[in-house]
Amino acid sequence: MIKLFAIDMDGTLLNTNHEINPSSKEAINQLNAAGIKTVLTSGRLMSSIKFATEELGEDNPMVANNGALIMANADKILGQHPFEDSHIKELVKFCEEHKFIYHFYDEDTFYSNRLDEERLEHLKINNDYGLNYQCNISITENPYKDLKQRGKPAYKILIGCLNSHAYGEKKAVKIIKEAFEDKLYVTSSGPGAIEIMEPHVNKWEGVKELSNFLGIKLDEIAAIGDSYNDLPMVENAKIGFAMGNANDTVKSVADYVVADNNGNGIKEAAEIILNFNKENPSV
């Protein structure tokens with residue numbers, strides 16, 4: 001029986017306009033009503049996941065920054081795995097030496113040394129008054145110094161725009177991996193970007209930590225995603241789903257491939273889970 005459904009956000013829950021399809025919201029509410037805990041698991045920072053969770057009308061657990069920050073609900077931090085100070089300091093120095101465009105997160109703030117509105121587009125709130133992003137934004141000459149002054153830890157760094165870098169994307173990715181893959185967890189949520197966290201930090205580890213807190217067994221978990229940072233949870237879950245728009249690697253490890261994120265992929269997955277539970281009731 002499935003008791004927890006881990007759901008990626010970008011490219012999965014959210015359509016290409018960064019919105020939740022009505023059919024997805026309906027399906028998630030149906031799963032929660034059936035006693036299946038739905039958990040948003042994203043590379044995004046926690047404040048953005050809270051924004052989506054509120055839109056769904058559920059005060060459910062959340063896994064942010066690819067597993068680096070886990071919350072039992074909107075108020076209770078369950079687990080956190082931030083960068084060691086030396087690691088984030090080294091990463092920022094590396095990016096600036098190579099002129100890589102980067103940003104990193106604490107739980108509610110986007111830090112960078114360069115304002116690029118395109119990189120913030122997915123965090124916009126469509127309102128005409130007050131804060132119009134799902135997080136705080138800090139653009140300074142020295143983002144690391146600002147982080148330290150705020151007394152905050154960094155959970156994830158994203159090195160982006162690699163397809164337009166002077167090195168070219170292939171060479172840039174090679175340089176980044178050679179520098180950090182042996183000591184940190186390096187993954188990607190889409191073309192032109194590399195995401196880095198502490199070793200052993202990934203979405204599946206975050207979901208496992210959460211399931212242990214909730215008393216849910218690993219063979220009672222389903223997961224759905226579209227990109228490389230979703231691989232650990234899609235591959236290891238009892239039922240793994242790949243979106244129709246997922247890359248071929250995710251599709252190859254999934255048990256099911258459902259419709260894309262502009263269609264009814266979440267709804268299809270929810271129906272499969274509900275049918276599975278009818279056929280496999282809890283003993």
Side-chain angles (χ1 to χ4, degrees), residues 10 42-51 64-71 77 79-125 130-169 171-202 229:
D10 292 286
S42 177
R44 291 189 180 212
L45 73 174
M46 186 58 77
S47 62
S48 180
I49 303 178
K50 286 182 178 181
F51 183 84
N65 293 308
N66 290 327
L69 181 58
I70 304 118
M71 295 193 73
I77 294 176
Q80 46 190 328
H81 309 284
F83 277 120
E84 291 182 13
D85 188 63
S86 61
H87 287 161
I88 186 63
K89 191 174 182 179
E90 180 183 1
L91 281 159
V92 169
K93 182 180 179 182
F94 171 85
C95 288
E96 294 180 352
E97 285 176 349
H98 290 276
K99 293 185 170 58
F100 285 133
I101 293 174
Y102 70 92
H103 60 263
F104 58 83
Y105 303 133
D106 62 22
E107 77 278 5
D108 61 9
T109 302
F110 173 109
Y111 297 85
S112 184
N113 66 346
R114 176 170 173 170
L115 178 61
D116 183 343
E117 291 190 20
E118 188 174 338
R119 287 189 295 149
L120 292 164
E121 186 65 31
H122 67 292
L123 296 170
K124 267 196 169 181
I125 301 171
L131 185 69
N132 64 337
Y133 287 97
Q134 299 165 19
C135 63
N136 302 318
I137 298 167
S138 172
I139 308 295
T140 61
E141 185 177 355
N142 190 334
Y144 169 79
K145 181 179 178 182
D146 187 32
L147 179 80
K148 294 294 99 182
Q149 287 177 338
R150 292 169 183 245
K152 299 282 190 175
Y155 293 100
K156 185 195 86 170
I157 191 168
L158 185 147
I159 306 173
C161 304
L162 299 179
N163 48 5
S164 59
H165 193 275
Y167 293 156
E169 183 172 0
K171 181 180 177 181
V173 170
K174 183 174 183 290
I175 289 170
I176 295 166
K177 286 186 173 181
E178 286 178 348
F180 296 105
E181 205 166 33
D182 64 335
K183 55 185 174 183
L184 297 172
Y185 182 68
V186 180
T187 186
S188 173
S189 58
I194 290 290
E195 301 184 4
I196 304 175
M197 291 75 59
E198 282 292 306
H200 312 301
V201 171
N202 61 56
N229 61 335

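We count residues from 1, following the sequence as given.
Ion pairing of Lys183 with Glu90 is present here, as a side-chain N (NZ or NE/NH1/NH2) and a carboxylate O approach within less than 4.0 Å. Salt-bridge check for Lys148 with Asp85: passed, with a basic side-chain N closer than 4.0 Å to an acidic carboxylate O.
Side-chain contact between Tyr111 and Thr140 is absent, with no heavy atoms from C-beta onward closer than 4.5 Å. Taking the side chain as every heavy atom from C-beta outward, His81 and Tyr185 never approach each other to under 4.5 Å. The closest side-chain heavy-atom distance from Glu96 to Tyr144 is not below 4.5 Å.
Of the possible polar contacts, one joining the Glu169 side chain to the Gly192 backbone as a donor-acceptor pair under 3.5 Å is found. Between the side chain of His165 and the backbone N or O of Lys171 there is no donor-acceptor pair closer than 3.5 Å. The backbone N or O of Ile139 lies less than 3.5 Å from no partner atom in the side chain of Ser112, so there is not a single donor-acceptor pair. Between the Thr187 side chain and the Glu195 main chain, no donor and acceptor come within less than 3.5 Å of each other. Judged purely by atom type and a 3.5 angstrom limit, Thr109 has no side-chain atom pairing as donor or acceptor with the backbone of Asp106.
Nearest heavy-atom pair, Leu184 versus Met197, reported as atom, atom and distance to 0.1 Å: CB-O, 3.4 Å. Across all their heavy atoms, Leu162 and Ala172 have their closest contact at CD2-CB, 4.0 Å. Residues Pro143 and Tyr102 share a closest heavy-atom pair of CG-OH, 3.4 Å.
Rounding to the nearest 0.5 Å places SG of Cys95 at 10.0 Å from CZ of Phe104. To the nearest 0.5 Å, atom CE of residue Met71 and atom CD of residue Glu107 are 8.5 Å apart. Annotation: the span from Ile194 atom CD1 to Ile157 atom CD1 amounts to 12.0 Å, rounded to 0.5 Å. For the atom pair CG (Leu91) and CZ (Phe100), the distance works out to 11.5 Å, reported to the nearest 0.5 Å. Here CZ of Arg44 is found 12.0 Å from CG of Leu158. Values are rounded to the nearest 0.5 Å. Taken from CD1 in Ile176 to NZ in Lys174, the straight-line distance is 12.0 Å, to the nearest 0.5 Å.
Summarising the local packing, CD of Glu97 is surrounded by more than 12 heavy atoms from other residues, nucleotides or ligands at distances under 6.0 Å.
Note: Phe110 and His103 have parallel aromatic rings, judged against thresholds of 30 and 60 degrees for the angle between ring planes. In this pair, Phe94 and Phe180 present their aromatic rings perpendicular. The plane angle is above 60°, beyond the 30 to 60° band.
Side-chain N/O atoms of Tyr155 and Asn66 include no donor and acceptor closer than 3.5 Å. Side-chain N/O atoms of Asp146 and Ser138 include a donor and acceptor closer than 3.5 Å.
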One pair to check against side chain to side chain contact (heavy atoms under 4.5 Å, CB included): Asn202 and Asn229. What are the steps and the verdict?
CA-CA 7 Å; Asn202 61 56; Asn229 61 335; over 6 Å; no
